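Heads up: the structure comes next, in structure tokens.
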Amino acid sequence: MSRVRLVCGMALLLTAAPLAAQEPLDNRMPAEDPSLLTDSTAAVLDGEAAEIAGQLRCPVCTGQSVLESNSGIAQEMQAVIRERLGEGETEEEILEYFVGAYGDWIILKPRAIGLNLLVYILPSVALIFGGAWLVTRIRKWSHDSPDTDDGQVSGLSEDDDQWLREAIGRG
Amino acid sequence: MRGRLRWMLPLAAVPFLGLLMFGLARNPDFFPTPLIGEPAPSWHLETLEGDSLSLAELRGKVVVLNFWASWCVPCRAEHGVLLETARTYPVDEVQVVGIVYDDSRRNAQRFLDQLGNTWLHVVDPGIRTAIDHGVHGVPETFFVDRGGAIGAKHIGPLTWDVVQANVDSLLASPPVTAPVP
Amino acid sequence: MNSLIGSAAVTAAWLGSGVLAVLGLVAGYRRSPELLRGAKYTATFVFAAMAVALATMEWALLTHDFSVEYVANVGSLETPPYYTAISLWSSLEGSILFWAFILAAYTALVVFVQRRSTSRLLPYALGVLGIVGLFFYGLVATVASPFGVVSPAPLNGPGPNPLLQNHPLMGLHPPLLYLGYVGMAVPFAFGIAALLSGKVDEEWIRTTRRWTVTPWAFLSLGIIAGAWWSYEVLGWGGYWAWDPVENASFLPWLTATAFLHSVMVQERRGMLKTWNLTLVIGTFLLTLFGTFLTRSGVLDSVHAFTEGFIGPLFLAFIAFVTLTSLTLIAWRADRLHSPGSLDGVISRESSFILNNLIFAAFTFTVLLGTTFPLVIEAINGDRVSVGPPYFNMVSIPLGLLLLFLMGVGPALPWRRTTGERLKRSFVRPVVVGLVVATASLALGVRSPYPIITFAFAGFVMTTIVDEFRKGISARRRISGVGFFRGFGQILTRNNRRYGGYTVHAGIVVIIVALAVSGTWRFEREATLRAGEHMVLGDYTVQFDSLWAFEEPHRVVVNSAFTASRAGRLLGTIEPRMNFYSQQPNEPIATPAVRSFIDADLYLTLMAFDQQNASHATVRVIVNPGVPWLWIGGMIIAIGAILSVAPQRHRTPAVSVFAGRATEVPKTDENSGVDAERDLEPAGATSS
């Protein structure tokens, strides 16, 4: 079949290519050596496993989580998560395992300890102080305001009011 | 805002600018590992020749644990350094172990046939051992002390200076932790 | 030859920009019309020079002149013409050239639009644009020059980065983003001009309204096009990853959006002068910061600078702009002080002020999260990551607050309101919101955020519809026109306001689409043999066949799946995997997307059987709501066009209050004085 030959031709192109990349083939190549490859059919992440994978950073990607990435290592990490869940480990224990190996870098949401607390506290502090400052300003502003009557068109229904303004504005 | 203090306003930006300056100066490829001083993750794997090998068997030796793959170009570059390592240190004191990362046996073997092989290589199905070690990519090398604890980690291709400094210091010092039973 | 022309042109632009800076600033200081005229000519000259440079580069790209360094780096004979043309922005030097060209174009456009202006701000603004240009044209002319000579010229080049030549949207996303980024230099220049001239009243704001709305719209569309591009190319079915690159475009959007609202408070009440200047300066700085961030390798990024000089130069320029601007604000602090006053705590101005507080907090949070890994590393050398789980956690509540305010603000009158009016404006929207919340609950939505989102969206949409309804019914009564004429009339006669509401509607649509896709997205990955199928909810996907073919610049592995939804056949869906010669072992997956009115069916080919094409691994994602992200983007575009469109001149009214008619200011197209001012006398309801 010609299409198969084409695919094989491409395989040649692939193997002959300069070995430039830091990463292996993203698409898992066929089972030349089955022991080294995973079974993609197993890679269905559901519920808790997906939840955990979404919190882990793919070690070889830029800005993707283990859940999103289709790199080999991310797929394996998904498999690790599934296995450990199967063995009854909790989410915390599994995250702990990955942090133990990769450090805090692997967690996409910094753990709320030590200096990391800053990233959680500072936004609220900013919002609260900003809000408090604003309240004092608004108080001051509304006190400073000369309470004059400003020609409000009164005694009209809103629609009439609207109509009137339109009429004034545009004729 | 209206006093003399207002002239301090521009100073508010200085810490931020300093941070950016720091950002320019840093090395983005450096990842500290939490494993230093910890017992090395244990493994029990099959060698390329089909024998079994585990880290526990190597207790008492300094182990240079090198993650590599045949598709990785820097691995090619550092191969000479590993050959040098295996040649320089007696095998009963320093054992070099290559862990094949996400690669086929055939390609790995071909790579070694081309470039030379005087140490042990194990295959890592599902790259689990690499994940245990927090490997980001290849090559990465761990220096394990005689007690089975990780003394140092090197990211990227090895140089002879790196190997010598780390191996000599592990050979000179007593194990950091008690041997893993 | 191309190198020579290009280099000469950018050098001329660089020198011209220096002249423009001096002429502009001196013309402003001496109030000299002659010098101003000189500055205008210079700006036109700079634009012409940059146009020549850009045209030369495009010509060199399209004719494959590999003696030009940039062409040698990103060009290749095999790349299709379209992707060759857009490879102008596929790499750093070309991007900066394009960037600089847009700056020159905006500057020339300012000269053209303001050609009759006698404003004191104009010369200063041109001077500031000249200074900005001095930096950018300088980069292009020196350290980031794309016009270097390669000798001997190679016969072929590697072609652009595969990721950037895999989808036609790449031709849209960067230009839109750059038009947004660079456009922010114009309001910045006028803001600085206000500081320099000491004329810190509302003039600079009126002058720059269109100059802000336009880049804001480009930025919004650029962000959306970028999201669309990642969705169509990256293969994981997502559109936003809170990546530093994305955050870098979102940050100036946040401050620019805050600015668009807060200027209205200053226009009406003369308040928030310092704040508005801070916002416009901050927006411009964030566009610079974004470029620096994503291009310098300061944060993990694929687009690191190759040359060591550009990062430090960028940082130096950021430092210069920051310190100079803040010093100017400090210098003019006395004039900027405005006795603010609020008549009522519940009023439109209060809602705008609150909206600005939240936008500021949002900006701060995203900036903090984006740079936090750097902070930690600077303090103790540790590496941490701040990713989507963090950003989602902090941004959803802030986004919901803003959504809520989007409904409140426009329905509140300026200055003050009464309980009666509040009731009239808000009873219907609140009821609709509650109904939507109940309906969501009844339909089985259990997580709080989607329910709140839908309820708020219902609330906001109702206020928007009410505003339109009120406007149309007023028109109908005045001129006795039908509903559609009335609709058309409010859009053309008060386009700023109704354009703004249309933008709001587009944003509500996007927020709802985000909530829907975030809540109901589901996916499955399976390896199928030919003829096998998998089932996802309503959908069935069957693997038919797999084949490969060669194109000049790549090898394509094409798979075919037959899909059906609820028993109805959808035909063949063909996700691909493209192997480019530059990185043959990192294929670029090209997902295939089938859009419905409510959802996308998204297929990515993950792996395939290389030996006999008998099986394939496919990731199937059902992505509800996603089509509405792009529809929302289009609504925003329509709204933005409406709101910057020239307003129709109005004839003064004579009928009701003859005396007041004379107060009606003539709407000059450039003055930015808005119809709302007289349409809505102080204290009026939301007319």
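All of these numbers come straight from a predicted model, not from anything done at the bench. Residue numbers start from 1 in every chain, and the chains themselves are labelled A, B, ... in the order their sequence lines are given, proteins ahead of strands.
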I want to check something: taking the side chain as every heavy atom from C-beta on, are Arg128(B) and Met77(A) in contact at a cut-off of under 4.5 Å?
no
Do Tyr97(A) and Ile131(B) have side-chain heavy atoms sitting under 4.5 Å apart?
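Side chain of Tyr97(A) against side chain of Ile131(B), heavy atoms only: contact under 4.5 Å found.
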Give me the atom names and distance for the closest heavy-atom approach of [X] to [Y].
X: Gly100(A); Y: Pro34(B); result: O-CG, 3.1 Å
X: Ala130(B); Y: Tyr102(A); result: O-OH, 4.1 Å
X: Leu35(B); Y: Ala101(A); result: CD1-O, 4.0 Å
X: Val60(A); Y: His136(B); result: CG1-O, 2.7 Å

Residues 47-55 of chain B side chain polar contacts: donor-acceptor under 3.5 Å, at least two apart:
residue: Thr47(B); atom: OG1; partner: Glu49(B); partner atom: N; Å: 3.3
residue: Thr47(B); atom: OG1; partner: Gly50(B); partner atom: N; Å: 3.3
residue: Thr47(B); atom: OG1; partner: Asp51(B); partner atom: N; Å: 3.0
residue: Thr47(B); atom: OG1; partner: Asp51(B); partner atom: O; Å: 3.3
residue: Ser52(B); atom: OG; partner: His44(B); partner atom: NE2; Å: 3.1
residue: Ser54(B); atom: OG; partner: Glu57(B); partner atom: N; Å: 3.4
residue: Ser54(B); atom: OG; partner: Glu57(B); partner atom: OE2; Å: 3.3

Does anything in residues 74-105 of chain B form a disulfide (SG to SG under 2.5 Å)? List the pairs, not counting sequence neighbours.
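Disulfide (SG to SG under 2.5 Å) check on residues 74-105 of chain B returns Cys72(B)-Cys75(B).
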Could you check Ile73(A) against Ile127(B) for side chain to side chain contact (heavy atoms under 4.5 Å, CB included), going step by step and ending with a plain yes or no?
CA-CA 7 Å; Ile73(A) 193 163; Ile127(B) 56 180; 3.8 Å; yes
